[in-house]
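Just so you know, residue 1 is the first one in the sequence shown, and it goes up from there.
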Amino acid sequence: LGASDSGAGLGDLLRRYPFDRDQTLFVGIESLGGGRLSYVTRAGALLRQQADPELLRLVAVADASDTLINAEPRAYTSEPVLAYPIGRAGRRAISIIGLDGDGRPALRGSPADTPDSLDAAALDRGIRLIVELVKRIDLST
């Protein structure tokens, strides 16, 4: 997924394309080039949104399948993650995100968010998790 912070791009995506609610999974990917690799179990401070239970299970299996991934399940209460509008629209979604020490997306909105600030090891763990997740999704269908 990708969109502005307001999520307007995601709303437009859902209006334009009639994705089957039962057959479509959304994975929000943010800030994988730094921070602590995490997958969001629930998001929001007041209006809490749970990640899709099947996606949570598949991410945990993907994480456990490769000791180099070492992702952390986390509740997230900071500014909305990319997948938040998707989940609010009743769609099956999860967010995978690199979080800094304060629990915020690593370098999001910072002038330091440049290609030379990428942490190759963090990016590798994120890519490994996404590839394993896609394999698990493929095997489950």
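Annotation: side chain to side chain contact (heavy atoms under 4.5 Å, CB included) contacts of Ala51 (sequence neighbours excluded): Leu56, Ile94. The side-chain hydrogen bond (donor to acceptor under 3.5 Å, both in side chains) search around Asn70 returns none, not counting sequence neighbours. Looking at residues two or more places apart in sequence or on another chain, you find no side-chain hydrogen bond (donor to acceptor under 3.5 Å, both in side chains) involving Arg21. Listed by chain and residue number, nothing satisfies the side-chain hydrogen bond (donor to acceptor under 3.5 Å, both in side chains) test with Thr67 (two or more places apart in sequence, or in another chain).
Annotation: side chain of Leu32 is not in contact with side chain of Ile127 (no heavy-atom distance under 4.5 Å). You'll find the side chain of Leu55 stays beyond 4.5 Å of the side chain of Tyr39, heavy atoms only. No side-chain heavy atom of Leu99 sits less than 4.5 Å from a side-chain heavy atom of Leu37.
To the nearest 0.5 Å, the span separating CD1 on Ile97 from OG on Ser38 amounts to 7.5 Å. Distance check, rounded to the nearest 0.5 Å: CZ of Arg125 to CG of Asp66 gives 11.0 Å. Atom-to-atom distance recorded for Ser65:OG and Arg128:CZ is 9.5 Å, nearest 0.5 angstrom. Arg92 contributes atom CZ, which lies 4.5 Å from atom CG of Leu25 (distance to the nearest 0.5 angstrom).
Pairs engaging residues 131-141 under the salt bridge (Lys or Arg N to Asp or Glu O under 4.0 Å) rule: Glu132-Lys135, Glu132-Arg136 [sequence neighbours left out]. Legend: side chain to side chain donor-acceptor pair (under 3.5 Å) pairs involving residues 93-105, not counting sequence neighbours, sorted by first then second residue: Ser78-Arg104, Glu79-Arg104.
Looking only at distances, no side-chain donor or acceptor of Asp119 sits under 3.5 Å from a matching main-chain atom of Gly33. A donor-acceptor pair is defined here as one N or O able to donate and one able to accept, closer than 3.5 Å; such a pair exists between the side chain of Thr41 and the backbone of Arg74. Formation of a donor-acceptor pair under 3.5 Å by the Thr24 side chain with backbone atoms of Asp20 is found in this model.
One hydrophobic cluster, built from ILVMFWY side chains closer than 4.5 Å, cannot hold both Leu107 and Val40; they sit in different ones.
Under the 4.0 Å criterion applied to side-chain N and carboxylate O atoms, Arg108 and Glu30 are assigned as salt-bridge partners.
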